[in-house]
K.L.:
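Sharing a structure, written as structure tokens. Questions coming.
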Amino acid sequence: MKVSRLAQDITLKELSLGYPGNVLMKNLNAVLPAGKISVILGGSGCGKSTLLRHILGLNVPVSGEIFLGDTNLTNLKDEEELRLLRTRMGVLFQDGAMLGSLTLGENVALPMQEHTELPDEIIEEVVQIKLRMVGLGDFTHYFPSQLSGGMRKRAGLARAMVMDPTTLLCDEPSSGLDPISAADLDQLILKLKETFNVTTIVVTHDLDSLFNIADHVVVLHQGRCLYQGDLEGLKESNDEYLIDFLERRPTEIDNSMQRSVKFRSRD
Amino acid sequence: MKGLQVLAWMVSRLLGCMRLSIKPKKSFYRKRLYKDLANVGADSIPIVSVISACTGIILALQSAQQLEKVGAISYVANLVGVTIINELGPLLTAIIITGRSGAAFTAEIATMQISEEIDALEVMGIEPVRFLVVPKLIAMLIMVPCLTVWADFVGIVSGGLFSSLALGINETTYFNNTVEFLQLRDVFAGLVKSGAFAVSITVIGCWQGFLAREGAADVGRKTTNSVVISIFMIILLDLFFTTLNFMFR
Ligand SMILES: Nc1ncnc2c1ncn2[C@@H]1O[C@H](COP(=O)(O)OP(=O)(O)O)[C@@H](O)[C@H]1O
Ligand SMILES: [Mg+2]
């Protein structure tokens, strides 16, 4: 079994997911197109991070399947194939998830040291290039705790991109950032997509970010897919909930979600 | 239930790693091993020394008190030596290491677990057990027996010095008695025991760390658990080995 080096679609088929006694999504169907930025929009706690964990194979779905191209990610038996697939996927976790005991440089070098036999000098140079790409060229020897939240997330992007993945998954890149850092990060994600043609999936509840970067939108609400398509279609949609959501108007349906959208996107 | 699942997961991965680690290791695994060796070993020497010195003196005092009654005070050396080598050296070292290193392992892994660092390792294709647990286990297997030998030595020497200074026992007699009475077999049994303690402290510490789930408060809870369970296991193992040793005298 070969693992492709080209960007591929990610397809969710009749996917149901959740935790024991708590089904978060039911029979989700979606295609996240290759080489595009797909934004998955949903309120806090609706299971966005959980969906990403399923795509990464960290959790097993209740039912349904996830495909990367033609490869079914949900029943990979072969450890080696899973390992290979993971080197083709970059992930930016919600708070960056940089290892606190290592410097930025060591963090970014880690995947290359594990998966390649390259000599240390070459790895060092690649790491330097990746860190410069996210604007952290001067911070190689800093520890994650010495950086701001935005810098940690950019470092997380550098680490996600170090193996030149074909798929990039970002969990709420703009959460917890000031509007300028958030916009910077959005620009960076756009630039990465354009430069490396990665299939990018961004999970967020941030509307500014949505309109900045999305090629494709999936809106999740109460365990199902409310809308799927491009931005124009989203703006023209006459689904009541979607209109309220886009205008950030508090609704009866889900006040808590509205609150989080309003505050989180501004903090 | 969850706890047992995570334990089984960790142990099976550990066993998997044993096959792997025969292959040449990458430099960053070696670097982690050196760090853990220093953390577990070198940094524990002061506290282990102080505690075993005190223990040696306490034992000398206690046994002198009893032996004086039967007029056999020169046997202090034998009692101190036997008790330290067979029992207190390995036991106290293990308990100190539980507090120092076992708790640190749990806190480290638990913190990584709640900040998604473990998940990050997994998706980078780096086996978290191999990256985190294996170096700790090797470091503990090397360092805990070494520290035990050191604790034995310090305990016996301090007991001897104290006896000669305060109890008026001739120090040459003390050390001659000790050497004469000591059996290599006892030292060896102590080392086997301390190796078992090392494995148990590491497995329990890391296991509790991986179990952390809901937020920072859980780090504290799991660290407490780790220490309590480890000490309990150490005592059980000690009972087991002492019984075994007794049966095959
Ligand atoms: N490990 C877990 N075990 C059980 N329930 C969980 C776990 N992780 C998250 N949840 C629950 O799943 C829901 C969705 O979580 P999450 O995917 O993190 O949401 P989001 O990222 O959209 O904010 C939450 O209600 C949370 O309580
Ligand atoms: Mg989340």
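Within every chain, numbering begins at 1; the chains are lettered A, B, ... in the order of the sequence lines, protein sequences first and strands thereafter. Small disclaimer: the values here were computed from a predicted structure and weren't measured.
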K.L.:
Can you tell me which of A:L82, A:V91, A:L58 forms the most heavy-atom pairs within a distance under 4.5 Å of chain B?
P.N.:
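Counting heavy-atom pairs under 4.5 Å, the top option is A:L58.
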K.L.:
So which donor and acceptor atoms of chain A and chain B come within less than 3.5 Å of each other?
P.N.:
from, atom 1, to, atom 2, distance (Å)
A:R53, NH1, B:D119, OD2, 2.6
A:R86, NH1, B:E122, O, 3.4
A:G100, N, B:E117, OE1, 3.4
A:Q113, O, B:K26, NZ, 3.0
A:E114, O, B:K26, NZ, 3.1
A:E114, OE1, B:Y29, OH, 2.8
A:H115, NE2, B:M124, O, 2.6
A:T116, O, B:K26, NZ, 3.2
A:E117, OE2, B:K26, NZ, 3.4

K.L.:
Select one option (side chain, backbone, both, neither) describing which atoms of B:M124 are under 4.5 Å from chain A's heavy atoms.
P.N.:
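Backbone plus side chain of B:M124, per the 4.5 Å heavy-atom cut-off to chain A.
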K.L.:
Say you draw a straight line from CG of A:L102 to CZ of B:F28; how long is it, rounded to the nearest 0.5 Å?
P.N.:
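With rounding to 0.5 Å, CG (A:L102) is 9.5 Å from CZ (B:F28).
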K.L.:
For A:K193, check salt bridge (Lys or Arg N to Asp or Glu O under 4.0 Å) against everything at least two apart and list the hits.
P.N.:
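Counting only residues at least two positions away or on another chain, A:K193 forms a salt bridge (Lys or Arg N to Asp or Glu O under 4.0 Å) with A:D215.
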K.L.:
Checking heavy atoms, do the side chain of A:M163, its backbone, both or neither come under 4.5 Å from chain B?
P.N.:
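A:M163 has no heavy atom closer than 4.5 Å to chain B.
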K.L.:
With a 6.0 Å cut-off (strictly less than), is the heavy-atom count around CD of A:Q146, excluding the residue itself, greater than 12?
P.N.:
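Enclosed: over 12 neighbouring heavy atoms sit under 6.0 Å from CD of A:Q146.
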K.L.:
Identify which part of B:L121 has an atom lying under 4.5 Å from any heavy atom of chain A, answering side chain, backbone, both or neither.
P.N.:
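For B:L121, the side chain is the part near chain A, not the backbone.
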K.L.:
Atom CZ of residue position A:F67 - does it have more than 12 heavy atoms of other residues, nucleotides or ligands inside 6.0 Å?
P.N.:
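Atom CZ in A:F67 is crowded, with more than 12 foreign heavy atoms closer than 6.0 Å.
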